[in-house]
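The residues of the chain are indexed from 1 along the displayed sequence.
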Amino acid sequence: MAAALLASAPAAIAAPAADAPAACVPFGTAQLPPGLPSFGSRDGLTNLPVFNDQTAPTSIELRTQTTQFNSFWDYALVDHALLTRPRVWNGPNPEPWRYAPLPECMRDRLVGISVDDDELIAVDESGWIYTMDNASQQPTVWNWTSAFGAPMWTGKGKQLPGGDPGTWALSVGSPWDNQTYADVAGRLHYFGLAKMTMIPALTGDGSRITYADPWLPDDSSYEIGGPVGGRFQSMALSSSASTTFVTNKYGDMYTRNFDIDSSGGDSVFFRYSWDDQTGKPTAPNSAFEAWFKNYAAIQLPAQDWVHQPKIPGEITSAISVHSTGVGPNRRELRVAGKQDGRTGFWHKDLTAPMWEFTPTDAPLPGTELANSPADRSSDTLAPAVPWNLSATLPARDTLVDGQLLVDWQVPYSILDPRLLDEAGLKAGPSGYRLSVEHFDPVATTRPGTVTTPDGKTLPVLIHTADGLRTAPRGAGLDNQPRQLVGAIEIPRAAFDSRSTDPALDTFIRDWTRGKRIVPITLSATDHDLVVR
């Protein structure tokens, strides 16, 4: 297949219709995960035509929308032509740039690229996404597809949620290169054979991080809840192996490890628990973890954002993250900038406390940021969402509740609790009422209150994760019910001192059944909330 796609040079042809991707690559091996392990083979490289123009970059140190790299290959987009060469990590690269295999219908129209692990995506001028599989393998097995989305990567295609340069990226976590990820308790879990693939993008005012997933419906409803309660306004984004990296215009930077599969949203293929998994062994693979309860489940809620230290120098919006090896913390952050008048990039490992600088004397990509020594994360917050919701908590003697759905390992992340009522499995009222102000459905955790039958209020935390959907829906909340999974948590200090608060003590005894955190399922619209 790859040989038939070799290009001697980009050719100008008519652009495809804006309402569909180019039709010449409907199917590829990206739709057949997990792909092959990476060995660095160069088979077929010399068959690729050499790019003789001097406009290609001499080195690639940052992942931008025109310069990309993985463990084995450099990629560049020059005048709409996709170029490649073997990567050299230390010292000058003697390899010439060559034209990468590209279907004729995609030539002379690409405007952006992003690569991670063994996949590369290219975006055309209409925003349509094309995936090149085996991007960390030899060129003989590189191949393209325009398919994207439900069901299971066979959808008719997807347009990029955002689009501005530096605001979107491909993220791939695989069982070969990364192998493991961590839950909120720091316990390791193994990537499955289907990998974890998504394309996060900044949308709107930069406070929304909408992501496309090749297995999910084609809509803009799936989001990574942003920093500072989802109100932080980012201006640049990079992502790799489920680690997303953002910055605002003042150089305040955050990272988060997040994917729908690791965050609680996919109970069809993953097993989750809100309970402490201490004492249970880590499963040897994702299949054993999903099916056997003697192994530790993925502990929820999802990991939160980590506020990264400030960079002590001049920087631009060209931020970059890439995987450096096996494990959840093997990531390197890079940011274009200056030190002592020389251009280059600031860099540090994900968990390192300080940034270091490497000079390159190359032109700086991106837009200069007003980087300040002080934290200014709250200076550009977006307005809080308008949805203030409340719901009667169900009586605990109901036949089916959130705890039962978790215990039975049913695919509860696709089950709207309103359907239980329609099926005759109604739940009577408990006398307690849950209230949440500014209920953003894509946030992981937010404060709430439980009002007791005699009017006392109890502060609680409400955790949620998005549910799986089989059809497109709108972003946020509207009059169409949005199903979520979640939990009600009693803050640790309050739980430990519950004997001094009779109302809380009674709530814990009668409703949470002595537990500090209780699973629930939720169904939310812009005007009501149902909890089971």
Side-chain angles (χ1 to χ4, degrees), residues 204 207-208 210 219-226 228-231 263-265 274 300-302 304 381-396 398 400-403 405 412-422 426-453 455-469 473-491 503-504 507 511-512 517-532:
S207 65
R208 316 306 296 188
T210 303
D219 64 21
S220 297
S221 67
Y222 286 98
E223 299 182 41
I224 304 173
V228 196
R231 298 175 61 192
S263 67
W274 298 94
L300 299 176
D304 203 352
L381 295 186
V385 297
W387 307 299
N388 300 319
L389 304 179
S390 65
T392 298
L393 291 180
R396 294 309 304 272
T398 182
V400 179
D401 61 9
Q403 185 68 62
L405 295 173
Y412 60 92
S413 61
I414 63 174
L415 179 63
D416 191 303
R418 297 174 199 262
L419 298 179
L420 296 174
D421 292 340
E422 293 177 8
K426 296 183 179 296
S430 66
Y432 292 98
R433 189 163 190 84
L434 176 69
S435 300
V436 187
E437 294 184 354
H438 307 298
F439 184 89
D440 189 340
V442 304
T444 297
T445 302
R446 77 283 289 159
T449 58
V450 170
T451 303
T452 68
K456 290 186 170 59
T457 57
L458 309 174
V460 295
L461 296 174
I462 310 300
H463 306 294
T464 57
D466 225 335
L468 287 180
R469 292 184 281 278
R473 62 151 292 129
L477 295 179
D478 49 31
N479 61 2
Q480 178 185 356
R482 180 168 184 154
Q483 193 266 328
L484 305 162
V485 298
I488 297 176
E489 178 180 354
I490 311 298
L504 177 61
F507 177 67
W511 200 86
T512 75
I517 187 166
V518 180
I520 57 175
T521 62
L522 307 90
S523 180
T525 70
D526 57 6
H527 60 276
D528 79 334
L529 182 67
V530 173
V531 176
R532 289 294 290 271

Separation between [atom1] of [X] and [atom2] of [Y], rounded to the nearest 0.5 Å:
{"X": "Leu389", "Y": "His438", "atom1": "CG", "atom2": "NE2", "value": "11.0 Å"}
{"X": "Ile224", "Y": "Thr210", "atom1": "CD1", "atom2": "OG1", "value": "9.5 Å"}
{"X": "Glu489", "Y": "Leu300", "atom1": "CD", "atom2": "CG", "value": "11.5 Å"}
{"X": "Phe439", "Y": "Thr464", "atom1": "CZ", "atom2": "OG1", "value": "5.0 Å"}

Non-neighbouring partners of His463 that pass ring pair (Phe, Tyr, Trp, His ring centres under 6.0 Å), sequence neighbours left out: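 By the ring pair (Phe, Tyr, Trp, His ring centres under 6.0 Å) rule, His463 matches Trp274.
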With sequence neighbours excluded, residues passing ring pair (Phe, Tyr, Trp, His ring centres under 6.0 Å) with Phe507: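 Per chain and number, Phe507 pairs via ring pair (Phe, Tyr, Trp, His ring centres under 6.0 Å) with Tyr432, Trp511.
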Which residues share a side chain to side chain donor-acceptor pair (under 3.5 Å) with Thr451, sequence neighbours left out: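 Result, side chain to side chain donor-acceptor pair (under 3.5 Å) vs Thr451: none returned.
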Side chain to side chain donor-acceptor pair (under 3.5 Å) against Ser430, all qualifying residues, sequence neighbours excluded: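 Counting only residues at least two positions away or on another chain, Ser430 forms no side chain to side chain donor-acceptor pair (under 3.5 Å).
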Salt bridge (charged side-chain N to carboxylate O under 4.0 Å, His left out) partners of residues 521-532, not counting sequence neighbours, each pair once: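 Sorted result for residues 521-532: Arg418-Asp528, Asp421-Arg532.
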Kindly give the heavy-atom pair with the smallest separation between [X] and [Y], and that separation in Å.
{"X": "Pro519", "Y": "Ile517", "result": "CD-O, 4.2 Å"}
{"X": "Asn479", "Y": "Thr525", "result": "O-CG2, 4.1 Å"}
{"X": "Pro394", "Y": "Ala427", "result": "CB-CB, 3.6 Å"}
{"X": "Ala302", "Y": "Ser263", "result": "CB-CB, 3.6 Å"}
{"X": "Val485", "Y": "Gln483", "result": "CG1-NE2, 3.8 Å"}
{"X": "Leu529", "Y": "Ala391", "result": "O-CB, 3.0 Å"}

Would you say the side chain of [Y] lies within less than 4.5 Å of the side chain of [X], judging by non-hydrogen atoms?
{"X": "Ile488", "Y": "Leu393", "value": "yes"}
{"X": "Ile490", "Y": "Leu461", "value": "no"}
{"X": "Val530", "Y": "Leu522", "value": "no"}
{"X": "Arg396", "Y": "Asp401", "value": "yes"}

Listed partners of [X] passing salt bridge (charged side-chain N to carboxylate O under 4.0 Å, His left out), at least two apart:
{"X": "Asp304", "result": "none"}
{"X": "Lys456", "result": "Asp454"}
{"X": "Arg482", "result": "Asp466"}
{"X": "Arg208", "result": "Glu223, Asp440"}

Going by side-chain contact (heavy atoms from CB on, under 4.5 Å), name the residues that satisfy it together with [X], two or more places apart in sequence or in a different chain.
{"X": "Thr449", "answer": "Ser435"}
{"X": "Arg231", "answer": "Leu381, Ala384"}
{"X": "Glu437", "answer": "Asn388"}

Arg469 charged N/C atom sitting above Tyr222 aromatic ring, 6.0 Å / 45°: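 The answer is yes; both the distance and angle limits are met.
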Flag, side chain of Thr521 to backbone of Leu484, donor-acceptor distance under 3.5 Å: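 No; zero donor-acceptor contacts below 3.5 Å.
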